Amino acid sequence: MASSFSSNLRGGRTRKLKSEINVVPYIDVMLVLLVIFMVVAPMTNPNVIDLPTAGKSTQPPNEYIEITIKPNAQSTIKVQQTQQQAQVPASIETASDKQDLLAKLRAIHQDHPDYPMVIAADKENKYDDVIQLISEAKKMGIQRVALATK
């Protein structure tokens with residue numbers, strides 16, 4: 001009998017555990033976040049984007065190396081010269097791949113070390129191809145590189 005007496009010290013009632021989640025703190029946190037977003041949202045204006053402009057140079061060069069990159073991995077190199085300096089008409093060389101293009105560019109750069117380079121790439125080309133060509137030109141020592149725009 002002593003054992004039944006010790007189990008009923010709390011008045012004979014057994015307590016049931018509550019297995020529900022208290023969601024009130026979560027609701028409070030969500031309301032605070034909602035107020036913060038409502039206050040911050042009007043402060044930012046996503047409609048205004050400052051895009052860079054492609055400005056024209058004041059004096060385009062008279063002599064330059066023009067490289068045209070096409071999407072089928074074919075490229076052309078042409079040396080543009082003024083009529084007084086050109087003994088022969090400008091020759092257009094075709095390169096079938098990147099290594100051939102760089103070899104021909106290196107040879108032309110050795111003949112005309114002070115000429116700037118103008119790259120005219122088709123819109124279907126990868127951006128990475130143009131950037132790699134600019135990087136290789138800088139490694140060769142070509143100081144001025146421009147991009148032709150339409």
Side-chain angles (χ1 to χ4, degrees), residues 7 10 13-150:
S7 63
R10 295 192 173 187
R13 288 187 259 149
T14 58
R15 285 196 133 186
K16 292 183 181 177
L17 293 177
K18 210 175 186 184
S19 61
E20 296 175 359
I21 296 175
N22 189 3
V23 294
V24 173
Y26 300 116
I27 294 172
D28 291 344
V29 169
M30 293 303 293
L31 287 174
V32 168
L33 288 175
L34 179 67
V35 169
I36 289 172
F37 286 126
M38 288 174 60
V39 169
V40 172
M43 291 181 192
T44 61
N45 190 358
N47 296 334
V48 178
I49 299 174
D50 295 328
L51 295 176
T53 58
K56 293 184 178 181
S57 65
T58 56
Q59 181 78 16
N62 293 329
E63 301 94 23
Y64 57 90
I65 302 168
E66 180 180 6
I67 298 178
T68 305
I69 303 173
K70 297 178 184 163
N72 58 359
Q74 291 227 339
S75 304
T76 57
I77 302 175
K78 180 173 80 170
V79 178
Q80 185 71 31
Q81 296 178 337
T82 59
Q83 296 299 327
Q84 295 92 8
Q85 290 183 339
Q87 293 88 13
V88 291
S91 64
I92 298 175
E93 296 187 31
T94 305
S96 59
D97 63 349
K98 182 181 173 185
Q99 297 303 325
D100 188 26
L101 173 69
L102 293 177
K104 290 180 180 182
L105 178 62
R106 188 170 284 114
I108 291 174
H109 176 61
Q110 287 176 353
D111 293 339
H112 309 284
D114 56 340
Y115 280 20
M117 184 174 77
V118 175
I119 300 173
D122 191 77
K123 68 178 180 179
E124 300 296 322
N125 282 26
K126 292 181 183 175
Y127 183 72
D128 186 51
D129 295 340
V130 176
I131 295 301
Q132 285 182 5
L133 181 61
I134 292 171
S135 175
E136 291 295 328
K138 292 288 186 176
K139 288 178 187 176
M140 285 181 206
I142 299 174
Q143 297 299 319
R144 294 174 40 197
V145 178
L147 299 175
T149 58
K150 290 185 180 180

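Quantities reported herein were computed from a predicted structural model and do not represent experimental measurements. These values consider heavy atoms only, across backbone and side chains, with no hydrogens, waters or symmetry-generated copies.
Note that the NZ atom of Lys139 and the CD1 atom of Ile134 stand 13.0 Å from one another [nearest 0.5 Å]. For the atom pair CD1 (Ile36) and CG (Leu31), the distance works out to 11.5 Å, reported to the nearest 0.5 Å. Atom CD of residue Glu93 and atom CG of residue Leu105 lie 10.5 Å apart, to the nearest 0.5 angstrom. Glu136 CD to Met117 CE: the interatomic distance, rounded to the nearest 0.5 Å, is 10.0 Å. Taken from CD1 in Ile142 to CG in Asp114, the straight-line distance is 11.0 Å, to the nearest 0.5 Å. Atoms CD and OG1, on Gln74 and Thr94 in that order, are 6.5 Å from each other to the nearest 0.5 Å.
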(request) Applying side chain to side chain contact (heavy atoms under 4.5 Å, CB included), run through Val130 and Leu133 and close with a yes or a no. (result) CA-CA 5 Å; Val130 176; Leu133 181 61; 5.7 Å; no
(message) Run His112 and Val79 through side chain to side chain contact (heavy atoms under 4.5 Å, CB included) and show every step you take.
(response) CA-CA 9 Å; His112 309 284; Val79 178; 4.0 Å; yes
(request) Please step through side chain to side chain contact (heavy atoms under 4.5 Å, CB included) for the pair Thr68 and Asp122, ending with a clear verdict. (result) CA-CA 8 Å; Thr68 305; Asp122 191 77; over 6 Å; no
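Looking at Ile67, Ile92, Ile65 one by one, the single match for side-chain contact (heavy atoms from CB on, under 4.5 Å) with Lys78 turns out to be Ile92.
The neighbour count for Ile131 CD1, taken as heavy atoms of other residues, nucleotides or ligands under 6.0 Å away, is above 12. By the 6.0 Å contact criterion, NZ on Lys70 is open, its count of non-hydrogen atoms from other residues, nucleotides or ligands being 12 or less. Residue Met140 qualifies as enclosed at atom CE: its count of foreign heavy atoms under 6.0 Å is above 12.
Contact record, Asp100 with Ala95: OD2-CA, 3.4 Å, taken as the closest heavy-atom pair. In this structure, Asn125 and Ala121 approach most closely via the heavy-atom pair ND2-CB, 4.3 Å. The shortest heavy-atom contact between Tyr64 and Tyr115 is N-CD2, 4.0 Å.
You'll find the side chain of Leu102 stays beyond 4.5 Å of the side chain of Lys104, heavy atoms only.
Checked by atom type, the side-chain pair Gln132/Lys98 shows a donor-acceptor distance below 3.5 Å.
Although no hydrogens or angles enter the test, the distance criterion places a donor-acceptor pair under 3.5 Å between the side chain of Lys138 and the main chain of Gln143.
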